[in-house]
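What follows is a short report on a single structure.
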Amino acid sequence: METTTIHVLKQKVEIILPVNGLEEKLLQAQKENRKLIIKLGFDPTAPDLHLGHAVVLKKLKQFQDAGHQITIVVGSFTARIGDPTGKNKSRQPLSTEAVQHNAETYLNQLSKLINVSKATIVFNSDWLDGLSTSEIIQLLSRVTIAQLMHRNDFNQRFNNNTPIAMHELVYPILQGFDSMKIRADIEMGGTDQLFNCTMGRQLQESFGMNPQVVLCMPLLKGLDGKEKMSKSLNNFIGLTEEPNDMFGKTMSIPDSLIPEFLELASDFSAEEKLHLNELLNNGENPMNLKKILAKNIVKQFHHEAAALKAEAFFSNQFQNKTFDKKVFEPVSLNAIKSVNGSISILELCFQLKNSLSKSAIRKLIESGAVLVNNKKIVDSQLMIKLKKETRIKVGKRDFFELK
RNA sequence: GGGAGUGUCGCAUAGUGGCUAUUGCAGCAGACUGUAAAUCUGUCACCUCACGGUAUCGCUGGUUCGAGUCCAGCCACUCCCA
């Protein structure tokens, strides 16, 4: 194996365990003339992939390009437990249909980054469902509480006197068991998966196998610039989002996050990154760099033309101050229920934005979030005549025009 | 099994039986900006066009003119001792 390949494969990886493990595995594969089995697990609960996942997936793609075998383990069994994050207590069991459906949408999103048809897909309920009680006890006997307590999450909760349920302790063990079952050579994940992945090493070893190498990618921060990107915190950019949303969300990240996004979320070459970072340090307006970044991100998941369009849309919609130049979502006059063609601004906004209650809308109006034909309306009871080409802005993002 | 505690908004925190349940963070909206940060303002249980109405301090009852607060039972969690 050439050193350049190894160099590429090690790029950006935050943790490799053991340190020289990757080289050894690659060498071993070469000697035995076989592909390495690269494991990636996922729980088919709410399969909305975002840029944080993409960091791991791009690395996976590099392995695939180098000729190795990717195995996706769908946690159809473990999803019923839920990876203990401390937030979700116990999860509802998923129906087989739901698992199937989630797995499909997941794989569909995966295909944006890796070649799914060349990957192996397995469901861990295939082997976990059939374990007998004594087999489970056997498995559990290979792990001690002290080992489990090394996991940060457990440790903290234990010390803070917050409850840890037994089944949560079992989760990492089952994940490790998966690695043994599929004979994984390498397991990939974010750094938050480090512990679970090491469990795989331990179990493989105790079953007399050569333990897997653990590769952890850094965690991308979310749009708030504080927490890691995650769906539950609603600070994510989804892989399937529309170009305009992707662009806008990228523009909303704090400036301090630009270097991290350049490094982890963009696909710029090393030289380009260096150049952009220099610009940033030399006082270039961060906004311009974010635009470059945003275009790059959109391009990865859509295409160049979409990226340019998204930029133009953004500049016009949110940066240009001229109200009339904006893009308004057309709403048919007929769709608005009114009395004699007149309607209170409150009722109108309520009908336009059906996700909010009237009370919530009234608060929006009173705080000055609603413009009608570029005039701020603060009185929620103001009656207006419905007529074509009336333009209404609600909040930061919603623009409507009556047709 | 025995004993001692705790439970208030997404999180964290105040709350001598008495008026509208406090404050911070996060969120939402506005101002200023570059849908950045910082700052300031408003909002932050639900509903009503509105005067206003209906809720709510783990749950169910009780005492009381009046209960987040007192009492009883239950539930959940924690700690200590078996």
Side-chain angles (χ1 to χ4, degrees), chain A residues 85-90 156-166 168 221-228 230-237 241-262 279-280 283-295 298 310-323 325-327 337-340 342-351 353 355-371 374-384 392-399:
Chain A
T85 59
K87 279 167 193 162
N88 1 333
K89 283 193 173 167
S90 55
Q156 276 171 16
R157 284 163 71 187
F158 188 74
N159 286 329
N160 293 338
N161 292 335
T162 43
I164 304 171
M166 286 301 294
E168 297 184 274
K221 284 210 182 81
L223 302 179
D224 53 24
K226 290 169 197 151
E227 305 286 339
K228 71 172 182 180
S230 84
K231 197 191 175 197
S232 54
L233 291 171
N234 197 25
N235 63 0
F236 67 98
I237 302 179
E241 288 194 62
E242 293 304 312
N244 288 346
D245 294 332
M246 273 192 175
F247 196 98
K249 282 187 174 183
T250 307
M251 291 307 288
S252 79
I253 64 171
D255 292 353
S256 57
L257 217 54
I258 296 176
E260 180 171 334
F261 265 60
L262 275 178
L279 284 179
L280 186 63
E284 174 70 44
N285 187 343
M287 179 191 65
N288 293 327
L289 287 162
K290 279 204 271 188
K291 282 189 174 177
I292 295 171
L293 176 65
K295 267 189 288 188
V298 174
E311 182 184 26
F313 176 82
F314 178 84
S315 300
N316 176 63
Q317 196 78 344
F318 301 111
Q319 296 194 306
N320 189 335
K321 298 288 178 212
T322 320
F323 186 78
K325 294 256 173 73
K326 312 247 181 244
V327 176
K337 285 182 227 118
S338 67
V339 182
N340 298 329
S342 270
I343 192 168
S344 74
I345 187 69
L346 175 77
E347 182 65 30
L348 179 60
C349 292
F350 178 66
Q351 292 192 30
K353 269 192 80 72
S355 58
L356 296 174
S357 77
K358 283 194 183 175
S359 297
I361 298 265
R362 191 165 48 77
K363 280 167 195 153
L364 275 182
I365 294 173
E366 284 169 4
S367 64
V370 172
L371 299 186
N374 206 15
K375 258 178 64 186
K376 191 175 278 190
I377 309 288
V378 188
D379 175 10
S380 60
Q381 286 322 302
L382 188 77
M383 299 299 286
I384 62 166
I392 304 129
K393 177 185 181 220
V394 184
K396 284 179 189 166
R397 279 176 289 267
D398 290 305
F399 297 81

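Predicted model, so just to flag it, every value in this text is computed and none were measured. In the text below, chain A, chain B and the rest are named by the order of the sequence lines, each starting its count at 1.
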### Query
Looking across every strand, which nucleic acid part, if any, lies under 4.0 Å from A:Gly248 by heavy atom: base, sugar-phosphate, or nothing?
base
### Query
Are any side-chain N or O atoms of A:Glu260 and backbone N or O atoms of A:Lys221, one a donor and one an acceptor, separated by less than 3.5 Å?
yes
### Query
Does a sphere of radius 6.0 Å around CZ in A:Phe313 hold more than 12 heavy atoms from other residues, nucleotides or ligands, not counting ones at 6.0 Å or beyond?
yes
### Candidates B:rA36, B:rA26, B:rU35 - which lies nearest the side chain of A:Lys226
B:rA26
### Task
Write down the distance between NZ (A:Lys375) and C1' (B:rG30), rounded to a whole number of angstrom.
19 Å
Anything under 3.5 Å between a protein N or O and an N or O of nucleotides 48-51 of chain B, put it in a table, one pair a line.
unit_1	atom_1	unit_2	atom_2	d
B:rU48	O4	A:Arg362	NH2	2.9
B:rC49	OP2	A:Lys358	NZ	3.3
B:rC49	O3'	A:Gln381	NE2	3.4
B:rC49	O2'	A:Gln381	OE1	2.8
B:rC49	O2'	A:Gln381	NE2	2.6
B:rA50	OP1	A:Arg362	NE	2.8

### Message
Determine whether a donor-acceptor pair (N or O, by modelled atom type, separation under 3.5 Å) exists between the side chain of A:Glu311 and the backbone of A:Lys295.
### Response
no
### Query
Expressed in angstrom and rounded to an integer, what is the separation of A:Met166 atom CE from B:rC77 atom P?
14 Å
### Proximal nucleotide (of B:rU35, B:rG30, B:rA37) relative to the A:Met287 side chain
B:rU35
### Summary
Among B:rG30, B:rG34, B:rU35, the one nearest any side-chain atom of A:Lys376 is B:rG30
### Task
Please report, rounded to the nearest Å, how far the P atom of B:rA36 is from the CD1 atom of A:Ile292.
18 Å
#### Entry: Check: A:Val327 main-chain N/O paired with A:Gln317 side-chain donor or acceptor under 3.5 Å
yes
### Task
When you get a sec, tell me which of B:rU43, B:rG30, B:rG34 is the closest nucleotide to the side chain of A:Lys363?
B:rU43
### Task
Considering just the side-chain nitrogens and oxygens of A:Lys396, establish if one lies under 4.0 Å of OP1 or OP2 belonging to B:rC28.
no
### A:Leu364 vs A:Cys349, side-chain contact (heavy atoms from CB on, under 4.5 Å): CA-CA, chis, key distance, verdict
CA-CA 10 Å; A:Leu364 275 182; A:Cys349 292; over 6 Å; no
### Message
Between B:rC49 and B:rG17, how far apart are the two C1' atoms, rounded to whole Å?
### Response
39 Å
### Message
By nearest atom, which of the nucleotides B:rA31, B:rG34, B:rA29 is closest to the A:Ala369 side chain?
### Response
B:rA29
### Message
Starting the side chain at C-beta, find the nucleotide from B:rG34, B:rA26, B:rA29 nearest to A:Pro286.
### Response
B:rG34
### Query
Rounding to a whole Å, what distance do you find between A:Leu233:CG and B:rC25:P?
19 Å
### Summary
Here RNA chain B, pairs taken as Watson-Crick or G-U under 3.5 Å and shown with ( ), [ ] when crossing and | when to another strand, reads ((((((((.[[[..)..(....]]].(((((.......))))).(((....)))...[[[[[..)....]]]]]))))))).
### Message
Quick check on RNA chain B: between A:Phe158 and A:Asn285, whose nearest nucleotide comes earlier from the 5' end?
### Response
A:Asn285
### Query
Could you state the CZ-C1' distance from A:Phe314 to B:rG34, rounded to the nearest angstrom?
8 Å
### Message
Using whole Å, what does the distance between atom C1' of nucleotide B:rA36 and atom CZ of A:Phe261 come to?
### Response
13 Å
### Message
Testing A:Val378, A:Asp379, A:Ile365, A:Ile361 one by one against A:Ile345 for a side chain to side chain contact (heavy atoms under 4.5 Å, CB included), which residue passes?
### Response
A:Ile365
### Query
When you look at A:Phe350 and A:Arg362, which way does the side-chain contact (heavy atoms from CB on, under 4.5 Å) test go after all the steps?
CA-CA 9 Å; A:Phe350 178 66; A:Arg362 191 165 48 77; over 6 Å; no
### Task
Take atom C1' in B:rC32 and the same atom in B:rU23, then report the distance between them in whole Å.
27 Å
### Query
Under the 6.0 Å and 45° cation-pi test, does A:Lys249 pair with A:Phe236?
yes
### Task
Look at all strands and tell whether A:Leu257 reaches a base, only sugar-phosphate, or nothing, counting heavy atoms closer than 4.0 Å.
nothing
### Task
Evaluate the criterion side-chain contact (heavy atoms from CB on, under 4.5 Å) for residue pair A:Ile343 and A:Ile384; output intermediate values, then yes/no.
CA-CA 6 Å; A:Ile343 192 168; A:Ile384 62 166; 4.1 Å; yes
#### Entry: B:rC28 versus B:rA45 - spacing of their P atoms, nearest Å
16 Å
### Message
Is any side-chain heavy atom of A:Lys326 closer than 4.5 Å to one of A:Phe318?
### Response
no
### Message
Say we look at B:rU69 and B:rG61: how far apart would their P atoms be, to the nearest angstrom?
### Response
14 Å
### Presence of donor-acceptor pair under 3.5 Å, side chain of A:Asn288 and base of B:rG34
no
### Task
Determine the Euclidean distance between corresponding P atoms of B:rA31 and B:rA36; express it in Å to zero decimal places.
12 Å
### Gap in Å between the two P atoms, one belonging to B:rG58 and one to B:rU64, rounded
23 Å
### Message
Rounding to an integer number of Å, can you tell me how far A:Glu227 CD sits from B:rC25 C1'?
### Response
12 Å
### Task
Can you tell me, in whole Å, how much space there is between the P of B:rG73 and that of B:rC25?
41 Å
### Query
Ignoring hydrogens and geometry, is there a side-chain-to-backbone donor-acceptor pair from A:Asp224 to A:Asn235 under 3.5 Å?
no
### Query
Between B:rC71 and B:rU16, how far is it from one P atom to the other, in whole Å?
14 Å
### Between P of B:rU33 and CG of A:Asn320, the distance in whole Å
15 Å
